[in-house]
Structure formats: structure tokens, C-alpha cells
Amino acid sequence: MRAEVLRRRAAAVVAAVALCVVLAAPPVEQTEAGWVDAEVGMGTFKSIVVPKPTYVSCSGTGILSLGASLIINWREAPNASELIVDYAQLDATGILQPITGLLLADTVVTTPVQNNPGMQKTVVNAGALGLLLGGTKTLYIRYSGPNGENDWKSDWFGVKGTWGIVAFSGCAPATPIAS
């Protein structure tokens with residue numbers, strides 16, 4: 001019985017000490033988390049849509065696949081001077097493949113048309129188009145921002161050129177592709 005009395009007394013002492021600690025503790029202070037302010041913060045952002053280059057006309061050259069080229073006349077978007085022009089072509093399976101690196105330098109040349117501000121002329125030779133004994137090839141052009149792959153891009157515009165076995169037979173705008 002004595003052990004039980006000691007246990008009760010010890011429990012009473014612990015409870016009394018805990019009560020004293022709670023009563024002696026300083027009051028809870030107000031924190032910023034509970035603070036309310038009448039000020040309001042606002043922000044805005046603006047996104048832009050970069051227009052794609054505009055198709056104007058096309059033509060082609062070549063006899064018996066010799067000197068075969070596709071010539072595309074297009075108008076650049078306003079304020080496009082700092083943008084990068086990307087080129088791609090549809091492969092045999094219909095997948096858009098970029099034309100880059102040495103292949104681009106050797107086969108695609110874009111120059112401004114003299115006395116016609118904003119007009120560009122792109123000449124793509126058969127090396128880029130891969131024409132052998134005729135065929136149909138589709139070239140696409142778009143703008144991209146100056147920061148590379150992670151930057152914004154305009155939609156593609158395309159031109160489809162057709163060569164017969166003997167000579168160039170025609171071209172027309174191709175189905176646009178969204179970026």
C-alpha cells in the first residue's frame with residue numbers, strides 16, 4: 001500500500017510542477033503570420049505572339065535534277081531583325097526535320113530583296129532537298145527567339161515544290177504547322 005501512496009504523491013508533484021511551468025510561461029506574442037495589412041500587391045505580365053513569316057511566291061529551277069532549287073519569296077514580320085530564322089523539311093515519313101549546321105550553310109541562302117523592304121528571298125538547292133530524278137519536297141521557315149531551344153517560336157510556313165523527271169513543275173504554299 002505504501003508504494004501506491006508514493007506513486008500518487010509523485011504524480012501529484014509532477015502535476016503541480018507542470019501547472020507552475022504553464023502559469024509561469026510568458027504569454028504568446030502576436031506574429032507576422034497573424035498580422036493583417038490593408039496593402040494589396042498586384043502584377044501583370046504580357047505575352048506576345050510572334051507572327052510567322054508571310055509567304056509571297058515561289059518558283060524553282062532545274063533540268064534532269066541538275067541545278068534543282070526551290071526559290072521562296074517571303075515577307076518578314078515587323079521588328080524581326082533580331083530574330084533567328086529556322087529551316088526544316090518534311091522527311092519521307094512526314095516528320096519535320098531541321099536543316100542545320102554545315103548542311104544549312106551549303107544549301108540554304110536567304111537574302112533581302114533589293115528595293116523591297118521586308119522582302120526576303122530564300123534559295124534552297126537540291127542538296128538540302130535530296131532530289132533524285134524528280135520528286136516533291138516541302139520546306140518550312142519560322143522565327144525563333146535569340147535564346148535558342150528554350151525560347152519562343154513562331155508557327156512554320158511552308159512551300160511544297162515538285163520536280164518531274166525532266167524539270168521543275170511547280171510549287172505552292174504547304175499546310176502550316178504550329179510550333
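Just so you know, these numbers come straight off a predicted model, no measurement behind them.
Nearest heavy-atom pair, Pro117 versus Arg75, reported as atom, atom and distance to 0.1 Å: O-NH1, 2.9 Å. Between Ser59 and Cys171, the shortest heavy-atom distance links the atoms N-SG, 3.4 Å. Pro53 approaches Asp155 most closely through the heavy-atom pair CD-O, 4.5 Å. Minimum heavy-atom separation, Ala172 to Cys58: N-SG, 3.6 Å.
Cluster membership check: Tyr55 shares its hydrophobic cluster with Leu70, using side-chain heavy-atom separations under 4.5 Å among Ile, Leu, Val, Met, Phe, Trp and Tyr.
Side-chain contact between Val56 and Met119: present, with at least one pair of heavy atoms (C-beta onward) separated by less than 4.5 Å. Looking only at side-chain heavy atoms (C-beta outward), Ile141 and Val85 come within less than 4.5 Å of each other.
Distance alone, capped at 3.5 Å, is enough to place a donor-acceptor pair between the Tyr143 side chain and the Ala77 backbone.
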Discussion item. I'd like to know whether Leu139 forms a side-chain contact (heavy atoms from CB on, under 4.5 Å) with Val124, so could you lay out the CA-CA distance, the side-chain angles of the two residues, the decisive distance to 0.1 Å, and finally the verdict.
Written reply: CA-CA 9 Å; Leu139 178 78; Val124 187; 3.2 Å; yes

Discussion item. Evaluate Ile71 against Lys121 for side-chain contact (heavy atoms from CB on, under 4.5 Å), listing each step before the verdict.
Written reply: CA-CA 7 Å; Ile71 301 163; Lys121 177 181 179 180; 3.7 Å; yes

Practice prompt. Could you walk me through whether Lys52 and Arg142 pass the side-chain contact (heavy atoms from CB on, under 4.5 Å) test, one step at a time?
Written response: CA-CA 6 Å; Lys52 65 184 175 193; Arg142 74 169 175 198; 5.9 Å; no

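With 3.5 Å as the limit, one finds a donor-acceptor pair spanning the side chains of Gln120 and Glu76. Of the N and O atoms on the side chains of Ser169 and Thr162, not one donor lies less than 3.5 Å from an acceptor on the other residue. For the residue pair Trp152/Ser144, the side-chain donor-acceptor check at 3.5 Å is not satisfied.
Note on ring orientation: taking the six-membered ring where Trp is involved, the planes of Phe157 and Trp74 are tilted (angle from 30° to 60°).
Other cluster members for Trp156: Leu90, Leu96, Tyr140, Ile177, joined by side-chain heavy-atom distances under 4.5 Å among Ile, Leu, Val, Met, Phe, Trp and Tyr.
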